[in-house]
Amino acid sequence: MTANAQTAAVRHEVLITELMADPSPAVGLPAGEFIEVTNVSTRTIDLKGWRVTDGNSAAVVSQSLNLSPGSRVILCSRGYVGEFSSHGTSVGLSGFPSLDNDGDLIVLTSAEGRTIHSVAYNPSWYGNAVKAAGGWSLEMIDMGSPCLGAENWTASRDPLGGSPGRRNSAEGTRGDSVPPRLLRTYALDSVSIVAVFSESLDSASAGARMSYEIDRQMGRPLSVKPLAPLFEEVVIRLAGPLNTKTVYMLSAQPVKACAGNAMETKGEVRTGWPERPVEGQIRINEILFDPVKDGSDYVEVLNLGPGIGDAARLFLGPSSAASQAQNLRKASEKPFLFFPGDHLVFTEDKASLLRQHPAADDRLIVETGKLPSLPDDSGSLAVMDAAGRELDAFRYSARMHHPLLYDRQGVALERVDPRSPTMDPSNWHSASTDAGYGSPTRRNTQYAVIATGVGVIHVEPATSSPDMDGRDDLLTVSYRFRENGYRVSMSVYDIFGRRVVMPVRNALCGTEGRFRWNGKGEADTRLPSGPYYLVMEASDPKGRNKVWRRPVVVAYGR
């Protein structure tokens, strides 16, 4: 074995332990960006030839720099090395990468090209809005847990705004007690998929080919490779190509996180080869456009199948073509498969959504950089594919909410029937109270699919319970006629024969469709509990009339 092989550094022997992304306004340190690296091994390591990169630019340590065990060095641009030298050993690097204020991926690699440590930070790591605004560094809390992300970093507590070259002011203990999870997959091509895990993995454990298997006689993969620099993803090369419109199951035997703790059980997730959506496949299914304070808008789409979708190939924007160019947003920056029956949610703040709706499935939530504008009073939303083809569009209004809602803030609009027209206002309803006024990633609380094969008209349910509890809030009348052109009116009468409301007046109908009644009287007044009669009158194109009379009940929960 050569001397170089004996002394080559391995992953996590040297760590990025502090970084300054936004030095302005300066608190007490020089107004320059820096990273601090610390040797946490038991031997001296020469950093000559090591690189610091953010993916766009790289800086190389050109001179010999022996870092003894436990010692630190400040890496910065050449223009600030003199100012930082009073704080500790400092090295100025030509082409030192710019650390973005909004978040970045910083990677430290050895002279041999091996990833030693990487940090993908963002402003939420500060845990303090004032310090995130500038002048304060981010410090690693526990150097014994380098695999952890946000939970192991925080804003500096040093009065100078940072502690480069010295022991971190936020130093403490953070253990990784949460086991890794297999979250999802995406496809690189028909014979290569990527398994996505919840945290950084031990590369040896994650790279064991026999730990993975795919059903439908696909078997073991040909090869697997953990992806540097974060090691949260594993590329899996398959023994054969994936078929379209086929959902496969990938299973992974418990693998270890880089901290050493392993998955508690075997992981299983779906995978497959995504296709361009067909007409009617992707539907806008739920929308929150007026969130609570410190909350976030969200948009949910439903994949009705038969194919597999990829959120990275979808775009969100207003339904008006004139304003799409300025307000069009890519639904996901990274590939994100969603399968037939999946309710996929897009939001700018995943953590906020999960606080409001803890029952939501975090694996079906995509945190976007920015959603299109969703005004609180009214607006529009369209879902488009990568070719600019409109897959679904919805014009919403706050007036579509339940009329008895006093405060509509934080209340989502839910689609009632996924296959009924999106633009039909009666196909939308306020989410129920007992679900927290929203059901992101889950079947809607107001979900109802009504069959039209029973007779000419069909009423469901027979009892309307308009109390916003998510059960039978809407009564649906489905019709089927032999031809187009029927004119229909629908009225509700009390037991004394008095008409209390006329939900439908002289509507022009197709051969089949449906109307909905929210259980309220005229001007959306509350009706007394009890029996009523629904009367539907229809006139065919030749002027012949027919009348249907059905008993219904209005009842309220306790």
Side-chain angles (χ1 to χ4, degrees), residues 14-40 47 50-63 65-68 70-108 116-143 146 148-172 174:
V14 179
L15 303 177
I16 300 168
T17 50
E18 187 173 355
L19 64 91
M20 175 70 82
D22 186 4
S24 179
V27 176
L29 294 174
E33 298 177 354
F34 71 85
I35 68 169
E36 173 195 83
V37 299
T38 303
N39 182 356
V40 296
L47 300 188
W50 285 41
R51 295 161 60 91
V52 178
T53 178
D54 65 350
N56 296 316
S57 59
V60 181
V61 180
S62 58
Q63 72 269 36
L65 178 60
N66 288 314
L67 202 60
S68 59
S71 62
R72 299 170 167 85
V73 63
I74 304 165
L75 303 180
C76 60
S77 65
R78 291 185 181 274
Y80 283 96
V81 66
E83 295 182 60
F84 279 115
S85 62
S86 62
H87 296 273
T89 303
S90 303
V91 176
L93 303 181
S94 178
F96 185 77
S98 175
L99 309 183
D100 292 346
N101 297 351
D102 295 333
D104 214 338
L105 171 61
I106 307 301
V107 183
L108 181 67
I116 304 299
H117 191 211
S118 59
V119 178
Y121 69 90
N122 67 65
S124 68
W125 285 21
Y126 287 89
N128 184 304
V130 173
K131 291 184 176 181
W136 296 83
S137 72
L138 280 170
E139 294 184 350
M140 179 181 280
I141 298 170
D142 184 359
M143 290 189 291
L148 298 179
E151 61 269 43
N152 198 31
W153 288 79
T154 191
S156 176
R157 300 168 187 166
D158 194 285
L160 295 178
S163 58
R166 296 179 285 115
R167 177 179 174 178
N168 285 354
S169 62
E171 186 174 299
R174 287 284 192 275

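Heavy-atom basis, side chains included; hydrogens, waters and symmetry copies ignored.
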Could you tell me whether the side chain of [Y] reaches within less than 4.5 Å of the side chain of [X], counting heavy atoms only?
| X | Y | result |
| --- | --- | --- |
| Phe34 | Leu29 | yes |
| Leu67 | Trp50 | no |
| Ser118 | Leu105 | yes |
| Arg78 | Ser94 | yes |
| Ser90 | Tyr80 | no |
| Leu93 | Val91 | yes |
| Ile35 | Leu99 | yes |
| Leu148 | Asp142 | no |

What's the spacing between [X] [atom1] and [Y] [atom2] if we round to 0.5 Å?
| X | Y | atom1 | atom2 | answer |
| --- | --- | --- | --- | --- |
| Leu47 | Ser62 | CG | OG | 12.0 Å |
| Ile116 | Arg51 | CD1 | CZ | 13.5 Å |
| Trp125 | Leu138 | CH2 | CG | 7.5 Å |
| Ile74 | Glu83 | CD1 | CD | 12.0 Å |
| Asp22 | Tyr126 | CG | OH | 6.5 Å |
| Asn122 | Trp153 | CG | CH2 | 12.5 Å |

*Verify whether one side chain among Asp158 and Ser156 offers a donor that lies under 3.5 Å from an acceptor in the other.*
no
*Count the heavy atoms of every other residue, nucleotide or ligand shown that sit under 6.0 Å from CZ of Arg166, and state whether that count exceeds 12.*
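It does: Arg166 CZ has more than 12 such atoms within range.
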Shortest non-hydrogen contact from [X] toward [Y]:
| X | Y | result |
| --- | --- | --- |
| Pro164 | Gly162 | CD-C, 3.3 Å |
| Ala31 | Ala26 | CB-CB, 4.4 Å |
| Ser57 | Gly95 | OG-O, 4.3 Å |
| Phe84 | Cys76 | CD1-SG, 3.8 Å |
| Ala170 | Arg157 | CA-NH1, 4.0 Å |
| Met143 | Leu15 | O-CD1, 3.4 Å |

_As a quick check of understanding, evaluate side-chain contact (heavy atoms from CB on, under 4.5 Å) for Ser77 and Glu33, giving each step before the final call._
CA-CA 8 Å; Ser77 65; Glu33 298 177 354; over 6 Å; no
Are the side chain of [X] and the backbone of [Y] linked by a donor-acceptor contact shorter than 3.5 Å?
| X | Y | answer |
| --- | --- | --- |
| Glu36 | Arg72 | no |
| Thr53 | Gly55 | yes |
| Glu139 | Asn168 | no |
| His87 | Gly165 | no |
| Asp54 | Asn56 | yes |

